[in-house]
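Before any comments, here is the structure.
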2 protein chains.
Amino acid sequence: MSAQLEPIDRSILRELASNGRCSFTDLADRVGLSVSAVHQRVRRLEQRGVLRGYSARLDGEQVGLPLTAFISLTPIDPAAPDDYPQRLQHLPQIESCYSVAGEESYILRVRVASPVGLEDLLRQIREAAKVATRTTVVLSTPFENRPPAV
Amino acid sequence: MSAQLEPIDRSILRELASNGRCSFTDLADRVGLSVSAVHQRVRRLEQRGVLRGYSARLDGEQVGLPLTAFISLTPIDPAAPDDYPQRLQHLPQIESCYSVAGEESYILRVRVASPVGLEDLLRQIREAAKVATRTTVVLSTPFENRPPAV
DNA sequence: TATGAAACGGATTGATA
DNA sequence: TATCAATCCGTTTCATA
């Protein structure tokens with residue numbers, strides 16, 4: 001069971017969600033505790049798995065991956081074992097994989113360098129997982145991965 | 001024009017994408033440069049906007065937001081101005097907003113505490129943006145936000 | 001754009017309430 | 001679980017190649 005989160009922990013999480021490299025000193029100022037108390041709390045949140053790690057946010061364009069798409073998957077053989085994520089995880093272009101309720105079984109979010117890269121990826125997905133695909137190309141991203149209202 | 005990324009910059013980005021709080025000292029060891037050279041490169045990547053910031057990764061369950069869904073939007077009035085993102089950005093449950101090609105105009109990724117929270121959010125989205133919605137509930141997340149293959 | 005050295009400040013630990 | 005104080009280590013800047 002995950003213990004209840006105290007308001008101070010929520011403040012810490014909120015700050016780190018938007019500013020992942022914030023120093024303990026700054027964090028301490030913001031939440032009104034000593035540096036070492038904040039330090040202890042962050043370590044505890046990491047151990048409990050509430051804090052799962054830290055990521056740099058990269059600009060897809062500048063990094064050479066300007067094309068984002070959603071690909072939804074429908075199994076071709078309904079009797080096949082449901083091991084699609086394992087079959088797909090080796091493809092680094094797939095950033096996220098969600099198992100979903102509804103007409104399709106999975107939704108993937110992918111990032112590629114070009115339309116040809118997307119075509120190539122779709123072929124690999126179909127081969128690796130024996131699925132039908134439906135692709136929705138992202139035109140622009142008004143906002144993405146905003147910190148949750150913790 | 002965004003200048004071409006050097007291989008050392010790519011190594012730095014790769015490391016920071018998966019370990020956003022990595023120290024400059026560690027980074028320097030990994031890429032085989034001095035601490036101050038790495039420091040300069042990271043600052044330059046930040047200024048150029050290749051590095052857009054740093055985020056903590058939070059566990060949705062433990063943070064009290066166990067329900068994720070995708071909501072796609074179709075405008076009701078085809079003559080209405082396309083200002084949907086602005087109309088929706090005040091809703092903190094919406095983590096990402098993508099403008100897409102295809103049948104629908106936008107795809108949202110949202111996070112809420114419960115089915116009732118989702119119902120409530122859908123009502124707010126319809127009211128704020130005058131759109132029809134189609135919702136796909138996420139059952140589980142085999143993987144999410146993996147670092148891109150920079 | 002790289003380096004090493006110096007100065008500074010933040011991280012970490014331990015004793016304690 | 002909090003604090004303070006001490007130590008340690010990373011960050012940042014600067015002079016230089």
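Labels below follow one simple rule: chain letters A, B, ... track the order of the sequence lines, proteins then strands, and each chain is numbered from 1.
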Any His39(B) side-chain nitrogen or oxygen under 4.0 Å from OP1 or OP2 of dT11(D):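 No, outside the criterion.
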
Phosphate-side-chain proximity, Arg43(B) and dT11(D), N/O vs OP1/OP2 below 4.0 Å: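 For Arg43(B), the contact criterion (side-chain N or O under 4.0 Å from OP1 or OP2 of dT11(D)) is not met.
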
How long is the line joining [atom1] of [X] and [atom2] of [N], in whole Å?
X	N	atom1	atom2	value
Arg30(B)	dG10(D)	CZ	C1'	15 Å
Leu27(B)	dC9(D)	CG	P	19 Å
Arg44(B)	dA2(C)	CZ	C1'	10 Å
Asp29(A)	dG9(C)	CG	C1'	13 Å
Ile8(A)	dT3(D)	CD1	C1'	14 Å
Phe24(A)	dT11(D)	CZ	C1'	15 Å

No-hydrogen, no-angle side-chain donor-acceptor test under 3.5 Å, Arg57(B) and Ser55(A):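 The answer is yes; a qualifying pair exists.
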
Could you check whether [X] pairs with [Y] (Lys NZ or Arg NE/NH1/NH2 to Asp/Glu carboxylate O, under 4.0 Å)?
X	Y	result
Arg123(B)	Glu127(B)	yes
Glu95(B)	Arg146(A)	no
Lys130(B)	Asp77(B)	no
Arg52(B)	Glu144(A)	no

Candidate list Glu46(B), Gln47(B), Gln40(B), test side-chain hydrogen bond (donor to acceptor under 3.5 Å, both in side chains), partner Arg43(B), passing option: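 Single side-chain hydrogen bond (donor to acceptor under 3.5 Å, both in side chains) partner of Arg43(B) among Glu46(B), Gln47(B), Gln40(B): Glu46(B).
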
Distances under 3.5 Å between nitrogen or oxygen atoms of protein and nucleotides 3-7 of chain C:
{"residue": "dT3(C)", "atom": "OP2", "partner": "Ser34(B)", "partner atom": "N", "Å": "2.7"}
{"residue": "dT3(C)", "atom": "OP2", "partner": "Ser34(B)", "partner atom": "OG", "Å": "2.5"}
{"residue": "dG4(C)", "atom": "O6", "partner": "Ser36(B)", "partner atom": "OG", "Å": "2.7"}

DNA chain D: 5'-proximal contact among Thr25(B) and Glu6(A) (nearest heavy atom):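 The residue mapped nearer the 5' terminus is Glu6(A).
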
